[in-house]
Structures are given as structure tokens and as C-alpha cells.
Amino acid sequence: MYYRGNYMDSGDAREMGFKRQRIMDQGSSYYTTPPGSSYMYNPPPPPPPPSYSYHGQPPPFPVVRLRGLPFDCSETEIADFLHGLDVVDVLLVHKGGRFTGEAYCVLGYPLQVDFALQRNRQNIGRRYVEVFRSKKEEYYKAIANEVYDSRGGSVPRARSSDESKDLAEHTGVLWLRGLPFSASKEDIIDFFKDFELPEESIHITATFEGRPTGEAFVEFASADDSRAAMAKDRMTIGNRYIELFASSSEELEEAVSRGRVLEKPVDGRDPTEVTSILRMRGLPFSAGKDDIMDFFKDFALTEDAIHVTFLSDGRPTGEAFVEFASTDDAKAALAKDRMTLGSRYVELFPSSIEDMNHAVSRGR
């Protein structure tokens, strides 16, 4: 996307860090800059934005929302996560004086929002972070809530993910993260066996290829039930511990509208069923078969069992298919999901001989 002409709102975002400093200076200790930190509230003047316009319309406010941040995350770590972009302001979101794992980041100009969205599901530490497009109104509301919270006498203390989750507003919908890719609706119902859940209330999310993501939405009979179900947070299904988060009908509907919900088996085959083949995604482009064999060093693999895929021009796609000796080996290998190869964390998905042959035949 290109923007031509003059950027009509260039001072809006860039001035915001200074505006928020003035708000903080009016008596709120909540926003006091930590000793020795000069990152956030005394930033050097950023470079002028490029001369872009929005075809005669005011450009959108350049802000993104981050979710899933480590609970000891700092503003500097977020700036490093968005390296290469002009980070004008970072607002860590708190509730009751405790960090929620979310933040708003104001960027230098609208074009950078698209680049920030490309960092979606990349890691800070061992946590992958989700990046969403946001709005000026949401950012301003978050600032107002922070100021209100701080002037109400809340005192920040040690941050706890469990306490933050306890404070979350419940609507009867939970979001599950970390599910085994082989997990079925029956497994989730068994996980929440203390609650009455019909199959229609379980929504396993899928990639654009129809493969499970390891996430799901669950609709409970009431907000009280979903709050009570949070007692299962970080308990296990198989060998994976499951994270639970309060969600909403709106987030669920958004997933459904994007076709990201796996409701029924496709072509008579259950896509959650693990075969002896796994697909790897997110490989370094320099990764070779030896690197993949080392990644799966606990399994007996030959070079012939590894199929790195390429584009039609010969460039690697960052994906590969791996044939294991058995279905049990492939299922055990899923424990390596989101572990790192080089500097990249690698996602693993159950696949099939048909998918593998199709990808290889297309020169992928």
C-alpha cells in the first residue's frame, strides 16, 4: 500500500508520548519512569514521517494492540520486538494495579502498522505475541483507564498472570491456547467434565489450510461457569498444559467470520487426526535437512524422510514435511511445537501424504 501527498495527521501520534507525559506529571505516580530508564517518556525527536496521504481521507491513527506479553515484560522489550519501526509510545495495560499482558504501541505513521502486523505470533522470550490493528479511541480509553486507576489509589506490586486473569471480565466464553493438535471436541469436553458442554459449544480454530492451530473457544452456560472453569488454567491435556483466557462472543464471531473455526471433518477425514507426517512452518530460510534432523534428534530420521519445500523460483518457503517411522513418533514429536531452530520458533502441524505430495508437486 502506498500513501501519496502530505501526511495530514503527522503530529498526532508523535505528540502523544509528550501529551501522556504531561498527564502523568499531574500527580500520578503510577506512570513514574523507573530509575535509570529513559526509554518511554523523554524520547528523542523522531525523524519526520514520509509525505503520504490517504487519497483525500484523514489517515488512521497508527496504533497496534499486543496481547500475550510476558508478565514481566518491559517497554524496552516491546520496542525491541518492533525494532526497525518508530515506536512513539508504549502503554502497558493494567487492571487493579496489575499488568494484563496487553499493551498499545503508537507508531510513527500508518504505513508502519502493516509492518507491525507482520510480527504477529513472533516471540518475546518464550511467549508468542499476537499483534492486532487498533484505533485511536481504544488507545485513548486505555490511557483514561490507567489514569483513573492510578488516581483511585491502586498501588502497583508484583505482577502475576494468575491475578490478572482473576480480574478479567467474564462473558461466558473462554479462549484456550496450547492444545495438542490432535485434541478433539471430546477431549475438551472431558477437560471441562465438571461443566455441561454440548459439542456445539466447542470451536476449534484452524489455519487457512484447515489445520488446527492448537487453540479453541468454549461457550459456557453462564459467565459464572466460565469464571469457575478458570480453575483449570495450566492443567494438561495429554502432555500439553493449557492456558485459559477470558474471551467474548465478538472474538469468537470474528474467528468464525474469517473461516478459522474447524467445525466438521473435511473430505471425510478428520484434520485433527495425527498421521506419521508433520508439517513444519517458520523454518529459517537457511535451514537444511541436517538442521531438521538435529531438531528431531530424539527420533530416527533419514534425509529421505525430510522434504523441504520451495517456491517456483527455487527459493525456500520456510516450510518442510517430515515422515516419521510411526504415528506414535509423529504424535510425540508434536511436543517440539514452537521450540526454536536457530533464532526462529517452529510451528508443527499434523499433515498427510496427500498434502505433502501436493506441496512437493507444486514446486513449493
Side-chain angles (χ1 to χ4, degrees), residues 67-73 93-96 98-102 121 123 125-130 158-206 211-256 260-263 270-274 331-332 334-339 347-350:
R67 183 172 72 181
L69 295 164
F71 285 93
D72 59 352
C73 187
V93 178
H94 299 78
K95 192 168 185 178
R98 305 176 186 109
F99 183 45
T100 64
E102 296 192 2
R121 291 181 175 270
N123 278 33
R126 295 183 62 85
R127 299 288 298 272
Y128 74 85
V129 177
E130 294 179 287
R159 295 166 179 170
S160 161
S161 61
D162 295 332
E163 291 171 339
S164 297
K165 289 179 180 182
D166 288 343
L167 290 167
E169 181 180 353
H170 282 267
T171 63
V173 179
L174 291 186
W175 173 51
L176 283 63
R177 183 169 71 176
L179 292 166
F181 290 115
S182 58
S184 64
K185 291 188 176 186
E186 290 76 13
D187 294 322
I188 296 173
I189 289 172
D190 185 62
F191 183 71
F192 291 116
K193 60 187 175 184
D194 296 330
F195 302 89
E196 292 291 335
L197 293 174
E199 283 198 9
E200 301 77 47
S201 67
I202 313 291
H203 309 275
I204 298 173
T205 61
R211 298 293 176 192
T213 62
E215 300 174 3
F217 291 89
V218 178
E219 297 179 280
F220 289 82
S222 67
D224 288 340
D225 278 1
S226 67
R227 186 177 291 107
M230 287 296 299
K232 304 284 289 183
D233 183 43
R234 295 181 183 273
M235 292 189 180
T236 58
I237 292 179
N239 62 350
R240 299 289 297 271
Y241 78 86
I242 311 302
E243 292 185 282
L244 306 181
F245 301 87
S247 186
S248 65
S249 299
E250 289 76 20
E251 289 188 353
L252 171 58
E253 289 169 4
E254 181 181 2
V256 172
R260 288 182 48 230
V261 172
L262 185 66
E263 296 291 1
D270 186 352
T272 67
E273 180 182 354
V274 178
K331 189 175 295 186
L334 281 169
K336 303 279 290 183
D337 178 51
R338 293 194 176 94
M339 292 189 180
E347 295 180 286
L348 304 179
F349 303 88

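Nothing fancy with the numbering, it's 1 onward along the sequence.
The CH2 atom of Trp175 sits 8.0 Å away from atom CD of Glu251, with the distance rounded to the nearest 0.5 Å. We find the OH-OG1 distance between Tyr241 and Thr236 to be 12.0 Å, quoted to the nearest 0.5 Å. From Ile237, atom CD1 reaches atom CD1 of Ile188 across 6.0 Å, with rounding to the nearest 0.5 Å. Remark: Glu219 CD to Thr171 OG1 distance equals 9.0 Å, nearest 0.5 Å. For the atom pair CZ (Arg240) and CZ (Arg177), the distance works out to 11.0 Å, reported to the nearest 0.5 Å. To the nearest 0.5 angstrom, Thr100 atom OG1 is 11.0 Å from Phe245 atom CZ.
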Stepwise side-chain contact (heavy atoms from CB on, under 4.5 Å) test for Glu347 and Phe181: CA-CA 11 Å; Glu347 295 180 286; Phe181 290 115; 5.8 Å; no
Test side-chain contact (heavy atoms from CB on, under 4.5 Å) applied to Asp187 and Leu179, step by step: CA-CA 10 Å; Asp187 294 322; Leu179 292 166; over 6 Å; no
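Every residue was checked against the side-chain hydrogen bond (donor to acceptor under 3.5 Å, both in side chains) condition with Ser201, not counting sequence neighbours, and none meets it. Asp194 meets the side-chain hydrogen bond (donor to acceptor under 3.5 Å, both in side chains) test with no other residue; sequence neighbours excluded. For Glu130, the side-chain hydrogen bond (donor to acceptor under 3.5 Å, both in side chains) partners two or more places apart in sequence, or in a different chain, are Arg67. Partners of Phe195 according to the ring pair (Phe, Tyr, Trp, His ring centres under 6.0 Å) rule, which considers only residues two or more places apart in sequence or in another chain, are Phe220. Shown here are the side-chain hydrogen bond (donor to acceptor under 3.5 Å, both in side chains) partners of Asp225, two or more places apart in sequence or in another chain: there are none. Every residue two or more places apart in sequence or in another chain that forms a salt bridge (charged side-chain N to carboxylate O under 4.0 Å, His left out) with Glu102 is listed here: Arg65.
Nearest heavy-atom pair across Ile189 and Glu199 is CD1-CG, 3.9 Å. The minimum heavy-atom distance linking Leu174 with Ala229 is given by the pair CD1-CB, 3.9 Å. Scanning both residues, Leu244 and Asp233, for their nearest heavy atoms gives N-OD1, 2.8 Å.
A salt bridge links Arg227 with Asp224: at least one charged nitrogen is closer than 4.0 Å to a carboxylate oxygen.
Relative to the ring axis of Phe192, Lys232 does not place its NZ or CZ within 45° and under 6.0 Å from the centre.
In this structure a side-chain-to-backbone donor-acceptor pair under 3.5 Å is missing from Ser226 to His170. The main-chain N or O of Val173 is never found under 3.5 Å from a side-chain atom of Ser248 such that the two would form a donor-acceptor pair.
Ring geometry for Phe99 versus His94: interplanar angle of 30 to 60°, hence tilted.
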